[in-house]
Amino acid sequence: MPEGHTIHRLARDHARFFAGHPVAVSSPQGRFEAGAAVLDGAVLTATDAYGKHLLHHYDHGAIVHLHLGLFGRVRHHRGTPPEPPDTVRYRVANAVHTIDLIGATACELLDPARLEALTARLGPDPLRADADPDRAYAALQRRRVGVGRALLDQRVVAGVGNVYRAEVLLVHGVHPELPARELGRTRFDGIWDTLRDWMARGVRERRIVTVDRDELGLPPGRIARGGATYVYRQTHCRRCGTPVRRWDLAGRWAYACERCQPPPA
DNA sequence: AAGAATGTTATGTA
DNA sequence: CTACATAACATTCT
C-alpha cells in the first residue's frame with residue numbers, strides 16, 4: 001500500500017500521538033523482542049521519513065527503522081486497543097493512542113552509522129525540504145534503462161511508487177520506455193514539481209489523488225476509489241479515452257496511454 | 001478462495 | 001558501476 005506520502009503521514013501522526021511522554025513498547029508475538037526490551041518506557045522524541053523509510057527516535061538514542069514493503073500497514077487505535085493479532089510486530093502505546101505495525105519488511109534497531117548508510121543510498125525525496133533534484137537528474141542521466149524503471153529505483157528518487165510513476169509519466173506525456181538519459185531537463189523539472197505537489201497532497205488527504213476534478217468534470221464530494229488516477233489501473237485513459245496498455249516491467253505493472261505518451265522510436 | 005497488491009534486498013551473472 | 005533475472009520476505013482484501 002505505501003508510497004512516500006504514506007510514510008511521511010505516519011511520521012507526522014506518530015510525533016503528534018507520542019511526543020514528549022514515555023510509551024509502552026511491546027512485541028506481542030515476540031518478533032521484535034530485543035527492540036521492545038530496549039524501548040519500553042522510553043520517550044519517542046522525534047520521527048522522520050526518507051522516501052518509504054520511517055524512523056522513530058527515542059530519548060536514549062535508540063532508532064527504530066521501519067519499512068512497510070508492499071503490504072505493510074500501521075493501524076491506529078484510540079482508547080483501549082484490541083488484543084493484538086498474531087501479525088503485530090511492534091506496538092507503541094500511551095494512555096490515548098496505540099499503533100500496531102503489521103506486515104513490514106523492516107522493523108529493526110539502527111545505530112547512527114547504519115542510519116547514515118541507509119540515507120546515503122537513497123535519492124532525493126520530493127517531500128523533504130532538503131531534497132536536491134539535481135541529484136535525481138544526474139542519476140537519470142547515467143541510466144540506460146527506461147524512465148519507468150528509473151523512477152522506481154529508490155537510488156534515483158526516494159518515495160515514488162508504482163502509482164505515482166504511472167501517473168506522473170502520463171501527465172507529462174513521457175513513455176515509460178523512453179531511455180532515462182534522454183529525458184530533457186525541462187521535462188524532468190516538470191515531473192519533479194508534479195511529484196512534489198501530488199505527494200504533499202497525498203500526505204494531506206491520506207491517499208493518492210492525481211486527477212484534477214475540474215478537468216474530468218467530477219462531482220463534488222469524495223472521489224471514488226478507482227477514480228483518482230488517469231491511467232493506473234484504468235482500462236481507458238481518463239484524458240483521451242484511448243485503451244491503456246499494461247505490461248510487466250521488471251516485475252511491476254506499468255501503465256501507459258500510448259496516445260498521450262508516444263512510444264520512443 | 002486463489003490471486004493480486006501503492007516494495008525491497010540479496011545473490012549470481014553479464 | 002550498470003543491468004537484469006530470480007527468489008525471498010511480509011499480510012489483507014477481493
Side-chain angles (χ1 to χ4, degrees), chain A residues 1-10 27-32 49-54 65-76 82 84-91 100-108 110 114 117-123 125-127 135 138-170 176-177 179-182 195 198-203 205-211 223 225-235 246-255:
Chain A
M1 205 135 216
E3 298 199 21
H5 69 288
T6 307
I7 309 308
H8 282 260
R9 170 42 101 177
L10 291 172
S27 166
Q29 304 308 323
R31 289 198 282 168
F32 188 47
Y50 287 87
K52 301 168 189 168
H53 299 263
L54 177 60
H65 168 224
L66 272 11
H67 193 292
L68 300 186
L70 188 51
F71 34 67
R73 286 189 173 188
V74 176
R75 287 194 183 138
H76 174 229
D86 286 1
T87 47
V88 173
R89 294 263 277 282
Y90 169 57
R91 167 174 276 195
D100 282 342
L101 176 74
I102 286 157
T105 48
C107 175
E108 60 181 357
L110 227 54
R114 294 189 57 210
L118 169 69
T119 57
R121 78 179 133 90
L122 293 173
D125 173 350
L127 283 175
R135 273 179 54 215
L140 248 17
Q141 292 287 295
R142 273 182 257 117
R143 317 240 152 194
R144 264 169 287 181
V145 288
V147 217
R149 280 184 168 226
L151 277 184
L152 280 197
D153 186 337
Q154 303 295 299
R155 294 169 299 189
V156 175
V157 182
V160 174
N162 209 16
V163 184
Y164 285 129
R165 159 177 83 170
E167 295 292 296
V168 82
L169 292 179
L170 173 94
E177 286 165 337
R181 48 169 44 158
E182 290 176 27
L195 286 172
W198 281 353
M199 292 171 78
R201 183 183 188 183
V203 173
E205 302 187 17
R206 307 176 122 97
R207 65 188 293 221
I208 298 175
V209 177
T210 60
V211 296
I223 295 173
R225 68 253 159 237
T229 55
Y230 289 107
V231 270
Y232 178 76
R233 286 211 203 177
Q234 303 294 335
T235 59
R246 182 183 85 152
W247 71 101
D248 185 304
L249 188 54
R252 312 299 305 279
W253 289 119
Y255 300 81

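Note that this is a predicted model, so its numbers are computed, not measured.
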Original post:
Backbone N or O of A/Val160 within a donor-acceptor pair of the A/Lys52 side chain at under 3.5 Å?
Top reply: yes

**OP:** Kindly assign one of parallel, tilted or perpendicular to the pair A/Tyr164 and A/Trp198, based on the angle between their ring planes and the thresholds 30° and 60°.
**Re:** parallel

**OP:** Could you please spell out the steps behind the salt bridge (Lys or Arg N to Asp or Glu O under 4.0 Å) verdict for A/Arg75 and A/Asp100?
**Re:** CA-CA 5 Å; A/Arg75 287 194 183 138; A/Asp100 282 342; over 6 Å; no

Original post:
For DNA chain C, which consecutive runs of 3 or more Watson-Crick or G-U pairs (each distance under 3.5 Å) count as stems?
Top reply: B:2-5 with C:11-14, B:7-14 with C:2-9

Original post:
What integer distance in Å separates A/Leu249:CG from C/dA3:P?
Top reply: 13 Å

Subject >> Atom-to-atom span, CZ of A/Arg181 to C1' of C/dC1 - whole angstrom >> reply: 12 Å

**OP:** May I ask you to list the residues of residues 149-158 of chain A, by number, that have any heavy atom positioned under 4.0 Å from an atom of DNA chain C?
**Re:** A/Arg149

Original post:
Starting at OH of A/Tyr164 and ending at C1' of B/dG7, how long is that distance when rounded to a whole Å?
Top reply: 15 Å

Subject >> Between B/dG7 (C1') and A/His67 (NE2): distance, integer Å >> reply: 6 Å

Subject >> Residues forming a salt bridge (charged side-chain N to carboxylate O under 4.0 Å, His left out) with A/Glu205, sequence neighbours excluded >> reply: A/Arg201

Subject >> Beyond-backbone contact of A/Val156 with A/Arg143, side-chain heavy atoms, under 4.5 angstrom >> reply: yes

Original post:
Roughly how far apart are A/Cys107 SG and A/Arg31 CZ, rounded to 0.5 Å?
Top reply: 9.0 Å

Original post:
Does A/Glu3 reach the main-chain N or O of A/Gly51 with its side chain, forming a donor-acceptor pair under 3.5 Å?
Top reply: no

**OP:** Starting from P on B/dG7, measure out to CD1 on A/Ile7 and report it in whole angstrom.
**Re:** 10 Å

**OP:** For the pair A/Arg89 (side chain) and A/Ala104 (backbone), establish whether a donor and an acceptor sit closer than 3.5 Å, ignoring hydrogens and angles.
**Re:** yes

Original post:
How does each nucleotide of nucleotides 9-14 of chain B score, in 5' to 3' order, for protein heavy atoms under 4.0 Å: base (B), sugar-phosphate only (S), or none (-)?
Top reply: S-----

Original post:
If the P atom of C/dA10 is compared with that of B/dA1, how far apart are they to the nearest Å?
Top reply: 23 Å

Subject >> Heavy-atom closest pair, residues A/Leu127 and A/Ala200 >> reply: CD2-N, 3.5 Å

Subject >> Sidechain-backbone polar pair: A/Gln29 side chain, A/Thr87 backbone, donor-acceptor under 3.5 Å >> reply: no

Original post:
Do A/Val88 and A/Leu101 pass the side chain to side chain contact (heavy atoms under 4.5 Å, CB included) test, and can you show the C-alpha distance, the side-chain angles, and the key distance before you say yes or no?
Top reply: CA-CA 6 Å; A/Val88 173; A/Leu101 176 74; 5.8 Å; no

Original post:
Short question: side chain of A/Glu167, backbone of A/Tyr230 - any donor-acceptor pair under 3.5 Å?
Top reply: yes

Subject >> Contact state string [nucleotides 7-14 of chain C, B base, S sugar-phosphate only, - no protein heavy atom under 4.0 Å] >> reply: --BBBSS-

Original post:
Angle class for the A/His65/A/His53 ring planes (parallel below 30°, perpendicular above 60°, tilted otherwise)?
Top reply: parallel

**OP:** Apply side chain to side chain contact (heavy atoms under 4.5 Å, CB included) to A/Arg165 and A/Arg252, showing your working.
**Re:** CA-CA 11 Å; A/Arg165 159 177 83 170; A/Arg252 312 299 305 279; 3.9 Å; yes

**OP:** Calculate the interatomic distance between A/Arg165 atom CZ and B/dG7 atom C1'; express it in whole Å.
**Re:** 12 Å

Original post:
Are A/His8 and A/Asp125 close enough that a side-chain donor and a side-chain acceptor fall under 3.5 Å?
Top reply: yes

**OP:** Report, as yes or no, whether the 6.0 Å neighbourhood of atom CZ on A/Arg144 holds more than 12 heavy atoms from other residues, nucleotides or ligands.
**Re:** no

**OP:** Starting at atom NE2 of A/His65, determine the distance to atom C1' of B/dG7, rounded to an integer number of angstrom.
**Re:** 12 Å

Provide a list of protein-nucleic acid N or O atom pairs under 3.5 angstrom, restricted to nucleotides 2-4 of chain B.
none

